[in-house]
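Here's the structure, in structure tokens; my notes come after.
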Amino acid sequence: RKEVEQDPGPFNVPEGATVAFNCTYSNSASQSFFWYRQDCRKEPKLLMSVYSSGNEDGRFTAQLNRASQYISLLIRDSKLSDSATYLCVVNAIRSGYALNFGKGTSLLVTP
Amino acid sequence: DAGVTQSPTHLIKTRGQQVTLRCSPKSGHDTVSWYQQALGQGPQFIFQYYEEEERQRGNFPDRFSGHQFPNYSSELNVNALLLGDSALYLCASSAGTEGAGTEAFFGQGTRLTVV
């Protein structure tokens, strides 16, 4: 079983839609959680860190459920520029300094 | 302020050859990690260098080796290339003293094709 699992999609949504991505992780000792965004053939970039209390950054909301070992990302009012792959990333004590990436969820926002 | 820079951007090698990829970290960062990203997959951790030493290693064979220089730049070497080594190789830099799980800044990557 992979340490971080995501629905690969693709998710095709119209502009203005709300879309949610889910991610599960297997290591209960995981400490740090992130969502990274990766545009086609580009490097991953940090979208937001995920905190236990949940956090919001503009149209983006991230939630963490430690009991269920589940992370989510909600994008409201989707823009064409949101089209990208969204990577769920977890750091666990056992992993030391390594970041464990999910496979990524592909989002395509259409006009 | 230059971000993470990697060279070359693209590379084509033949099976059995050796390759060296280079990375300069973001200014102020002293830790460099290398990741391999195969097509359609998330990045996989290869190893991390801090204070010129390999601090942690992922599940990659000994054909993958690295080095960190006093100026914090780093090299990734891959010997005896296999077709399966074809991937995007990403370098990420961070500040080592901030501990695990801090934000990593990625370079644009080196796309290696083995033929």
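None of the values given here were measured: they were computed from a predicted structure. Chain identifiers are assigned alphabetically (A, B, ...) following the order of the sequence lines, protein sequences preceding nucleic acid strands; residue numbering begins at 1 within each chain.
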Taking heavy atoms only and a threshold strictly under 4.5 Å, list by residue number the residues of residues 101-111 of chain A that touch chain B; give 'none' if the list is empty.
A:Phe101, A:Gly102, A:Lys103
Using a 6.0 Å cut-off, check whether atom OH of A:Tyr51 has over 12 heavy atoms from anything other than its own residue.
no
Which heavy atom in B:Leu88 sits nearest to a heavy atom in A:Lys42, and how many Å separate them?
CD2-O, 4.4 Å
Atom group of B:Arg111 that falls short of 4.5 Å from chain A, counting heavy atoms
side chain
Minimum heavy-atom separation for A:Leu87 to B:Gly42, with atom names?
CD2-CA, 4.3 Å
Toward chain A, the part of B:Phe47 with a non-hydrogen atom under 4.5 Å
neither
Does atom CZ of A:Phe11 have more than 12 heavy-atom neighbours, drawn from other residues, nucleotides or ligands, at distances under 6.0 Å?
yes
Do B:Phe45 and B:Leu76 land in one hydrophobic cluster if side-chain heavy atoms of ILVMFWY residues count as linked below 4.5 Å?
no
Quick check: is B:Leu112 connected to B:Ile46 through a chain of hydrophobic side chains (ILVMFWY, heavy atoms under 4.5 Å apart)?
yes
For a side-chain contact (heavy atoms from CB on, under 4.5 Å) check, start with the C-alpha distance between A:Leu46 and B:Phe106, then their side-chain angles and the critical distance, and finish with the verdict.
CA-CA 9 Å; A:Leu46 179 67; B:Phe106 285 84; over 6 Å; no
B:Val78 and B:Trp34: same hydrophobic cluster, using ILVMFWY side-chain contacts below 4.5 Å?
yes
Give a yes or no on whether B:Leu83 atom CG has more than 12 heavy-atom contacts from other residues, nucleotides or ligands under 6.0 Å away.
yes
Looking at B:Asn59, I want to see if its CG is surrounded by more than 12 non-hydrogen atoms of other residues, nucleotides or ligands under 6.0 Å.
no
Please check if the number of heavy atoms outside A:Arg66 that lie under 6.0 Å from its CZ is greater than 12.
yes
Going hydrophobic residue to hydrophobic residue with side-chain gaps under 4.5 angstrom, can you get from A:Leu99 over to B:Phe105?
no
Side chain, backbone, both or neither: which part of B:Gln48 has an atom under 4.5 Å from a heavy atom of chain A?
side chain
Give me the contact list for residues 5-14 of chain B versus chain A, heavy atoms only, anything under 4.5 Å, ordered by residue number.
none
Region of A:Gln38 that comes under 4.5 Å of a non-hydrogen atom in chain B
side chain
Can B:Val32 be reached from B:Tyr89 by stepping across I, L, V, M, F, W or Y side chains whose heavy atoms are under 4.5 Å apart?
yes
